[in-house]
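A quick note: this is a predicted structure, and the numbers were derived from the prediction, not measured.
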Amino acid sequence: MMKKIFLKLITTIISLYIIYCGLVYLRLFMAAKNITELKNQDILTFIIYGSSSSLEENTISGRFSILDSGQNEITQIERSWNGNYLTVDFTQIEINKRVISFPSTIYSRNRIFEKKNKNSGIKLDKYYNENKECILLDKNYSKKQRQDLYFISCFSKKKYLVPAFNINSYTLDLSVCLNDFYYVISYNESGKAILHQR
């Protein structure tokens, strides 16, 4: 008797989870259909002030600005990091042959090929995801579109308990950037982030 009840409970849980996954995927595809791809626009601007060394640690300082689709500044991050180099991680998701990239994390490194500590760095989504809207889309877009992009951003960061697919991450190495020059990270025609000097 108990075995039958247990099996029925497990079957019910699995069925509910499958329904939940289906609803999440349906929401994802509907959201992707409703928004414009982020491409051919600037997403981050920054300047590296310089670096310093001591017997205990190396530091590098700079200022980053996150821009929305209208090229308005969302926020500014100005600080020093422990390390010699900076990198920016992006999360990329492909839905219905549409590619969307989100700035994810700013890391510091002591060596160019040093392995990143996943628990370190500055998480960037907290600056552009607020009140269940992604403000990478400016006020020319509807609230519903900003909510849709928020959902896609959360899915790309695997915040929903469903199997994720077509999600990749890539890193832009900023070690080539010179001090006191302004740089821009833009989305190209394919929606991928590229680095260039302003």
Side-chain angles (χ1 to χ4, degrees), residues 37-94 98-130 134-138 149-150 152-159 164 166-198:
E37 291 178 89
L38 301 175
K39 59 184 182 180
N40 296 325
Q41 66 182 55
D42 299 342
I43 186 66
L44 286 170
T45 63
F46 67 93
I47 181 172
I48 304 297
Y49 295 142
S51 57
S52 61
S53 300
S54 68
L55 293 176
E56 296 180 355
E57 62 183 12
N58 300 321
T59 61
I60 183 169
S61 59
R63 184 178 74 238
F64 288 77
S65 295
I66 303 177
L67 308 178
D68 68 14
S69 58
Q71 304 303 277
N72 306 299
E73 186 179 77
I74 294 174
T75 192
Q76 191 176 99
I77 303 164
E78 186 172 25
R79 56 163 288 174
S80 295
W81 289 263
N82 293 328
N84 294 312
Y85 308 100
L86 294 177
T87 63
V88 181
D89 274 10
F90 283 79
T91 302
Q92 178 178 289
I93 181 170
E94 183 176 348
R98 306 177 72 190
V99 175
I100 303 172
S101 290
F102 297 94
S104 176
T105 313
I106 300 174
Y107 288 99
S108 62
R109 293 178 174 178
N110 287 309
R111 297 180 299 277
I112 294 176
F113 299 108
E114 181 179 50
K115 187 175 181 181
K116 296 190 293 280
N117 180 350
K118 293 299 182 182
N119 295 319
S120 67
I122 297 178
K123 306 295 183 184
L124 299 179
D125 61 321
K126 64 184 178 182
Y127 296 106
Y128 57 78
N129 282 340
E130 58 179 34
C134 180
I135 58 175
L136 291 176
L137 297 179
D138 67 10
L149 191 60
Y150 172 86
I152 295 171
S153 172
C154 291
F155 185 91
S156 73
K157 293 171 177 59
K158 302 177 181 178
K159 293 185 178 181
N166 291 346
I167 298 174
N168 299 296
S169 62
Y170 58 93
T171 300
L172 288 185
D173 176 16
L174 308 186
S175 64
V176 298
C177 298
L178 302 174
N179 296 342
D180 298 321
F181 282 86
Y182 282 95
Y183 290 86
V184 179
I185 297 176
S186 304
Y187 292 133
N188 62 15
E189 180 64 30
S190 65
K192 189 169 184 177
I194 57 173
L195 170 69
H196 55 93
Q197 187 175 330
R198 172 171 285 179

Run Ser156 and Phe102 through side chain to side chain contact (heavy atoms under 4.5 Å, CB included) and show every step you take.
CA-CA 9 Å; Ser156 73; Phe102 297 94; 3.7 Å; yes
Kindly indicate whether the side chain of [X], heavy atoms from C-beta on, has any atom under 4.5 Å from the side chain of [Y].
| X | Y | result |
| --- | --- | --- |
| Ile100 | Leu149 | yes |
| Thr105 | Leu124 | no |
| Ile60 | Asn84 | no |
| Gln92 | Val99 | yes |

Who passes side-chain contact (heavy atoms from CB on, under 4.5 Å) against Leu44, sequence neighbours left out?
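For Leu44, the residues satisfying side-chain contact (heavy atoms from CB on, under 4.5 Å) (neighbours in sequence not counted) are Ile66, Val88, Phe90, Pro103, Ile185.
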To the nearest 0.5 angstrom, please state how far the [atom1] atom of [X] sits from the [atom2] atom of [Y].
| X | Y | atom1 | atom2 | value |
| --- | --- | --- | --- | --- |
| Ile48 | Cys177 | CD1 | SG | 6.0 Å |
| Ser186 | Arg198 | OG | CZ | 9.0 Å |
| Tyr49 | Ser61 | OH | OG | 7.5 Å |
| Leu172 | Ile106 | CG | CD1 | 11.5 Å |
| Ile93 | Ile167 | CD1 | CD1 | 4.5 Å |
| Asn188 | Ser101 | CG | OG | 8.5 Å |

Shortest non-hydrogen contact from Trp81 to Gly62?
CZ3-N, 3.8 Å
Taking every non-hydrogen atom, the tightest pair across Ser69 and Gln41:
CA-NE2, 3.6 Å
For Tyr183, ring pair (Phe, Tyr, Trp, His ring centres under 6.0 Å) partners two or more places apart:
Phe46
Which residues satisfy the ring pair (Phe, Tyr, Trp, His ring centres under 6.0 Å) test with Tyr127, sequence neighbours excluded?
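Ring pair (Phe, Tyr, Trp, His ring centres under 6.0 Å) check on Tyr127 returns nothing, list empty.
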Is the closest side-chain donor-acceptor distance between [X] and [Y] under 3.5 Å?
| X | Y | value |
| --- | --- | --- |
| Asn82 | Thr59 | no |
| Tyr150 | Glu130 | no |
| Asp173 | Thr87 | no |
| Thr171 | Asp89 | yes |

State which residues pass salt bridge (Lys or Arg N to Asp or Glu O under 4.0 Å) with Asp125; sequence neighbours excluded, sorted by chain then number.
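If we apply the salt bridge (Lys or Arg N to Asp or Glu O under 4.0 Å) test to Asp125, skipping adjacent residues, the hits are Lys159.
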Listed partners of Glu189 passing salt bridge (Lys or Arg N to Asp or Glu O under 4.0 Å), at least two apart:
Lys39
Quick one: does Gln71's side chain have a donor or acceptor within less than 3.5 Å of a partner on Asp42's backbone?
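Yes.
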Between the side chain of Tyr128 and the main-chain N/O of Leu67, is any donor-acceptor distance below 3.5 Å?
no
Please name the residue in the list Leu174, Thr45, Ile122 that meets the side-chain contact (heavy atoms from CB on, under 4.5 Å) test with Phe64.
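Among Leu174, Thr45, Ile122, the one meeting side-chain contact (heavy atoms from CB on, under 4.5 Å) with Phe64 is Leu174.
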I'd like to know whether OH of Tyr182 has more than 12 heavy-atom contacts from other residues, nucleotides or ligands below 6.0 angstrom.
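For Tyr182, atom OH is not crowded (no more than 12 foreign heavy atoms under 6.0 Å).
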Taking everything shown except Lys157 itself, do over 12 heavy atoms lie less than 6.0 Å from its NZ?
yes
In sequence, state the C-alpha distance, the side-chain angles, and the governing distance for Val176 and Leu195, and then conclude on side chain to side chain contact (heavy atoms under 4.5 Å, CB included).
CA-CA 10 Å; Val176 298; Leu195 170 69; 4.1 Å; yes
For Asn72, check side-chain hydrogen bond (donor to acceptor under 3.5 Å, both in side chains) against everything at least two apart and list the hits.
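Checked Asn72 against side-chain hydrogen bond (donor to acceptor under 3.5 Å, both in side chains); matches are Asp68.
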